[in-house]
Amino acid sequence: MSKIVFPAETLELVKKIIARYPDGKQKSALLPILHLAQAEWKWCSSEVMDYVASLLSISPIEVYEVASFYTMFHLEPVGEHVIEYCRTGPCCLMGGVEVYDHLKKRLKINTGETTKDGKFTIKEVECLAACGWGPVFQIREKYYMHLTKEKVDEIIDELSK
Amino acid sequence: MKILTEHIDVPNIDTIDVFMKHGGYSAVQKALKKMTPDEVTEEVKKSGLRGRGGAGFPVGMKWSFLAKPEGVPRYLVCNADESEPGTFKDHYLMWKSPHTLIEGMIVSSFALGANTSYIYVRGELMYVINILEKAIQEAYDKGLLGKNILGSGYDLDLFVQPGGGAYICGEETALLESLEGKRGNPRNKPPFPAVKGLWQCPTVVNNVESIAATSWIVNNGGDAYAAIGVGRSTGTKLISASGHIKKPGVYEIPLGITVEDFIYSDEWCGGIREGHKLKAVVAGGSSVPILPAELILTTAAGEKRLMTYESLSDGGFATGTMLGSGGFVVMDETACIVHNTLTFAKFYHHESCGQCSPCREGTGWMDKVLNRIEHGQGRKEDIDLLVDVAKKIEGNTICPLGDAASWPVAAAIRHFRDEFEWHIEHPELATKPGAVFMRKGASWTK
């Protein structure tokens, strides 16, 4: 991991985000900045969280307790592509169970694991608010909807290149 | 009759120029130049608009509770943390037509006297957040946000706040905690947010769909909105339809059409998928009681059930359900009720914030018991145990997540007890997750 400092452009964005809240309420910027930090360093190590605390002039424990509460923040290293699949009722009704089983078999890993080459991590998500377009998974900001086994193969093939 | 989605399929409606060509931001012009904040509130009251996030509390009344102490800022916070299984309407609206929400935010903020407002969007929808950010910048560039909007003397700044992936943040006080940069633990009420909300200042928290509807109400008047619908269920409602129907998707319906029409008409869901028949429906998101086919179509009085707040809750929980968020999950005879109930129970177990013991422990207990029934290890006493645990969670928690966790389990057992019994009595057949059984004559077979 490179030195824990945001690039200058991101630091400017951090300043703008903090300015969205009244004076003294900069802690409100914690979630947006944690998202920026995760995008920069892939996961929220204690060093990353300490850095975020310093940017907001709050104590590190305040960052740890928040990062560990919300499921979007990775507290362990993850693969290059984190596949977050929706396992709730509507997606299961639409064939999600079979599709996700296929995904695990294809990557030869279970939920929560990372492939040996560090390329993929699979995580479960509790509903992606896309029930009518399920089964669905998300990789970073992109939603993949109406999944079938064939579509999963295509996506994995593409990302494996 | 479409109010929110009339232009949703117009190409580039997500851009401000196209949106304005189709009448967009006319409500801002009217409200800020020709109306007082109280007049806007009065029209919303007259409209009978009820909160579209699930609770159905009258929006105008909620606004009128807002405390207005001198020298203290007020806030409007839009609850866009949609994350209840079955519900995806706000996602759709913000994705396709972000300016519909932004226009509503301006009108509503003006009515409430808020000069800073926030849209709290679930973090998973980062691509929607980017769409909203772009649309907000367009509104600033047109002078529809910022200082002295359209020369009216009214100032408003609008920001998007991403969540971090926690369903509980859809509860308004948990959302405010999260917006303050904390864990999303619900607060004890009172005080209500209208008195002490964001940073202890008076705050209104409204759902995306509720806020978006206010522009039409300003343009057309509260009476015109109230004329749509039936009784106290006025206006239109976005319904997220999913499951075993021919046309899953988001539909804007006038409240008051029959459930039967909604499921079977080509205008809406198009019927159950070919070769299958309706088994059950969860009408308002995963938290509301599931109903078997005959009860979702017909009320206790034997009349056709309507898509309204009142008709869906007809007869209380014994026969009714709720309109809730409008998350309409349809199941045909291939759906396994035990498996579906387990997926919901796992959801609430995972999403419990852990603050209250009945919810923290009870949701885990239900998940565990359902899991063993599903996997052919159920015990005879497990069904009554589930009912008992559900009862002990309901009404015993700070926020409604406890109720939301207990209702689907209790209702599934109430209406499909035989299916749970079958799983327990036939462990050799139930070991495959999602095993479905169908009634053939008097016997149960896989």
Side-chain angles (χ1 to χ4, degrees), chain A residues 16-17 19-22 24-36 38-39 52 56 58 62-63 65-73 84 86-98 101 123-134 136 138 140-143 145-146, chain B residues 73 82-92 116 118 122-127 129-130 157 159 161-167 169 178-185 198-199 240-244 248-250 282 286 327 329-331 334-335 339-341 343-344 346-347 350-351 353 433-434:
Chain A
K16 280 185 189 166
I17 291 171
R20 294 173 181 174
Y21 316 102
K25 306 297 181 190
Q26 77 280 3
K27 190 179 173 184
S28 285
L30 181 48
L31 285 177
I33 293 174
L34 275 173
H35 280 296
L36 290 179
Q38 185 156 289
V52 169
L56 293 172
I58 58 177
E62 292 177 272
V63 182
E65 65 178 12
V66 165
S68 60
F69 180 82
Y70 297 92
T71 55
M72 289 186 73
F73 302 113
E84 299 177 285
C86 176
R87 56 140 295 275
T88 44
C91 273
C92 289
L93 282 176
M94 301 307 291
V97 175
E98 292 78 16
D101 278 350
K123 288 182 85 174
E124 273 183 1
V125 180
E126 294 293 345
C127 191
L128 283 170
C131 317
W133 314 307
V136 58
Q138 181 178 31
R140 288 217 184 134
E141 296 176 12
K142 188 167 168 57
Y143 270 52
M145 301 171 181
H146 301 295
Chain B
E82 180 174 67
S83 33
E84 178 150 322
T87 310
F88 51 103
K89 65 187 177 69
D90 295 339
H91 176 176
Y92 178 72
T116 307
Y118 299 90
R122 63 175 310 192
E124 287 88 344
L125 293 179
M126 203 53 85
Y127 84 97
I129 289 170
N130 293 337
D157 283 313
F159 303 110
Q161 177 86 353
Y167 166 73
C169 293
S178 181
L179 186 42
E180 291 181 4
K182 304 172 197 161
R183 298 164 69 102
N185 286 341
L198 185 60
W199 303 305
S240 324
S242 64
H244 297 148
V250 176
V282 175
S286 65
V329 186
V330 181
M331 296 171 222
T334 65
H339 180 71
N340 195 67
T341 309
T343 65
F344 288 169
K346 280 170 89 78
F347 172 82
H350 186 268
E351 297 301 319
C353 78

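Just so it is clear: chains get the letters A, B, ... in the order the sequence lines come, proteins before strands, and each one is counted from 1.
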Quick one: what part of C353(B) sits under 4.5 Å from any heavy atom of chain A, side chain, backbone, both or neither?
both
Which atom names give the shortest non-hydrogen contact between C127(A) and R122(B), and what distance separates them?
O-NH2, 2.8 Å
Determine whether H350(B) and E124(A) make a side-chain contact, defined as any pair of heavy atoms from C-beta on separated by less than 4.5 Å.
no
For Y127(B) against M145(A), the heavy-atom pair lying closest together:
OH-CE, 4.5 Å
Any idea which of G184(B), G249(B), S83(B) has the most non-hydrogen atom pairs under 4.5 angstrom with chain A?
G184(B)
Euclidean distance, N340(B) CG relative to T88(A) OG1, rounded to 0.5 Å
9.5 Å
Looking at F73(A) and G164(B), what are the two nearest heavy atoms and their distance?
CE1-CA, 4.1 Å
Can you say whether Q138(A) sits under 4.5 Å from chain B via the side chain, the backbone, both, or neither, judging by heavy atoms?
side chain
Kindly compute the distance separating NZ (K182(B)) from CD (E65(A)), expressed to the nearest 0.5 Å.
10.0 Å
Nearest heavy-atom pair of H35(A) and G123(B): which atoms, and what distance?
NE2-CA, 4.4 Å
Heavy-atom proximity to chain A below 4.5 Å, by part of E84(B):
backbone
Which one wins on heavy-atom pair count under 4.5 Å against chain A: S286(B), P248(B), S242(B), G243(B)?
S242(B)
If only atom types and distance count, is the side chain of H339(B) paired as donor or acceptor with the main-chain N or O of G89(A) below 3.5 Å?
no
Bottom line for N130(B): the part with an atom under 4.5 Å from chain A's heavy atoms is side chain
Which answer fits F159(B), side chain, backbone, both or neither, if we ask what part of it has an atom under 4.5 Å from a heavy atom of chain A?
side chain
Quick one: are R183(B) and S68(A) in side-chain contact, heavy atoms under 4.5 Å?
yes
Max heavy-atom pairs within cutoff under 4.5 Å with chain B, candidates A29(A), P22(A), G134(A), A130(A), goes to P22(A)
Where on S178(B) is there a heavy atom nearer than 4.5 Å to chain A: the side chain, the backbone, both, or neither?
both
Residue S240(B) versus chain A: region with a heavy atom under 4.5 Å
neither
If you count heavy-atom pairs within less than 4.5 Å of chain A, which of H244(B), K346(B), E82(B) leads?
K346(B)
Contact summary for L93(A) and V330(B), nearest pair of heavy atoms
CD1-O, 4.1 Å
What part of K89(B) gets closer than 4.5 Å to chain A, counting heavy atoms only: side chain, backbone, both or neither?
neither
What's the shortest heavy-atom distance between Y70(A) and A166(B), and which atoms?
CD2-CB, 3.7 Å
Step-by-step side-chain contact (heavy atoms from CB on, under 4.5 Å) determination, E124(B) to E84(A)
CA-CA 10 Å; E124(B) 287 88 344; E84(A) 299 177 285; over 6 Å; no
Atom pair CD (E180(B)) and CG (L31(A)), whose distance is rounded to the nearest 0.5 Å:
12.0 Å
Pick from C86(A), P32(A), C92(A) with the largest number of heavy-atom pairs that fall under 4.5 Å of chain B
P32(A)
Looking only at M331(B), E351(B), M126(B), the option with the highest number of non-hydrogen pairs under 4.5 Å against chain A is M126(B)
Applying a strict 4.5 Å limit to non-hydrogen atoms, the region of Y143(A) in contact with chain B is side chain
Side chains of S28(A) and Y118(B), donor plus acceptor under 3.5 Å:
no
